[in-house]
2 protein chains.
Amino acid sequence: MAKRPADPTNGNAPAARQVPMRDFSRSLPMSLLRAREAVMRQFRPSLREHGLTEQQWRILRALAAIDGAEVTELARTAFLLGPSLSRILRDLEARNLIERKTAKADQRRSMVSISKEGVKLMASVAPSSEAIYAEITQRFGARKLAELQEMLGELELCLASAEARDEITDDA
Amino acid sequence: MAKRPADPTNGNAPAARQVPMRDFSRSLPMSLLRAREAVMRQFRPSLREHGLTEQQWRILRALAAIDGAEVTELARTAFLLGPSLSRILRDLEARNLIERKTAKADQRRSMVSISKEGVKLMASVAPSSEAIYAEITQRFGARKLAELQEMLGELELCLASAEARDEITDDA
DNA sequence: CGGAAATACTTAACATGTTAAGTGAATGCG
DNA sequence: CGCATTCACTTAACATGTTAAGTATTTCCG
């Protein structure tokens, strides 16, 4: 486990001065944050030109792939929290990029789908978006990219299972 | 590419999706986002118990390691944008966790440092934080973790250099 | 049937991300 | 010196992240 470089100012004194922890610029959360920011920085200008934020784009992509979904399902797919999604859907609906209709069987649920305008907008953004992705793939290497994504998936899974265990423990 | 022949026929058939774009749940930004979220989900409860957000914690850690820094330098270290940092510093100062003094040589700059209270708070959070990190390291594997971080760093570098090239091109 | 509990969202409140504009203090240079 | 420019922040405005509370609907169950 994480051994740190010796700290001459400290030793093992428990109560007094704090050890500088593992250089936090190399912590996992920071590495992930910086990598993601580096990637998103490539896409944001293009999205912005089309009047879309990253999250709005995620929602449209998710909707385009499934031809209608409930809000909760959409939240899971686009990896957004409910409140964020609620706001964004309100705005996207006002811009006529999506459509909603409450389900007949269950008035609580609402089905969301992309509108014709939404599809048109996607068509205008997709080429540039794909080009950027292709550029990244080429620069970083397709094989390496696949490896990276594989590891990211494993990390996610390994931590998700940690939480499942916590929940069981919590059950009082 | 990807003209989307609107296919209303498969309303509730999740099976055959004619994919206009690469399944976006496997896109690099989503992979990074989900991995990071999985990691942060482990830390947030502990930080919250101590009344700190993730960003406030980043700032304290950065300050603890360097014993005083200018705002711009701190922004780079903690990977925060100027406006976010300004707000957070205002709040941390109000809570007496940090101290500021304007530089004598240049009145525009202000030096920020962690206060005694700030150090004390860090000392109370650090053990749990380190324990969580150790748990993650153990679950995922130290070697694999190092590999992952190595790849993330390479990705960041490879995209940063892409931007450097863009800027040169823009310069005309 | 009827009320407690669960479900599917939505609102609210606060903190941060992101871009643009503002402010006051140094600098460059004619 | 004078003054436009640059610099180091800060404010502003809008969008999202995050948690808690609210609302309407449905389901569970006696």
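All of these numbers come straight from a predicted model, not from anything done at the bench. Computed over heavy atoms, backbone and side chain alike; hydrogens, waters and symmetry mates excluded. Order of the sequence lines sets the chain letters (A, B, ...), proteins ahead of strands, with each chain counted from 1.
Using a 4.0 Å heavy-atom distance criterion, B:Thr72 is classed as a sugar-phosphate-only contact.
Contact check for A:Leu148 versus A:Phe140: side-chain heavy atoms found under the 4.5 Å cut-off. At least one side-chain heavy atom of B:Glu37 sits under 4.5 Å from a side-chain heavy atom of B:Arg41.
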I'd like to compare against my own output: the B/S/- annotation of nucleotides 15-23 of chain C with a strict under-4.0 Å heavy-atom distance to protein. SBBBBB---
Letter per nucleotide, 5' to 3', of nucleotides 22-27 of chain D [B base touched, S only sugar-phosphate touched, - untouched; heavy atoms, 4.0 Å]: ---BS-
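The distance between atom CG of B:Leu52 and atom C1' of C:dC14, rounded to the nearest whole Å, is 15 Å. The interatomic distance linking B:Lys101 (NZ) with D:dC9 (P) rounds to 14 Å, in whole Å. Separating the CZ atom of B:Arg109 from the P atom of C:dG24 is a distance of 19 Å, rounded to the nearest angstrom.
Taking each heavy atom of A:Leu32 and B:Arg36 in turn, the nearest pair found is CD1-CA, 3.6 Å. Among all heavy-atom pairs drawn from B:Leu155 and A:Ala35, the shortest one is CD2-CB, 4.3 Å. Counting all heavy atoms, side chain and backbone alike, B:Ile132 lies closest to B:Gln42 at CD1-O, 3.5 Å.
No path of Ile, Leu, Val, Met, Phe, Trp and Tyr side chains, each step under 4.5 Å between heavy atoms, connects A:Met111 with A:Val71, placing them in separate hydrophobic clusters. The hydrophobic cluster containing A:Leu152 also contains B:Met40, counting ILVMFWY residues as joined when their side-chain heavy atoms lie under 4.5 angstrom apart, directly or transitively.
Taking a 6.0 Å sphere around CD of B:Glu54, one finds it holds more than 12 heavy atoms contributed by other residues, nucleotides or ligands.
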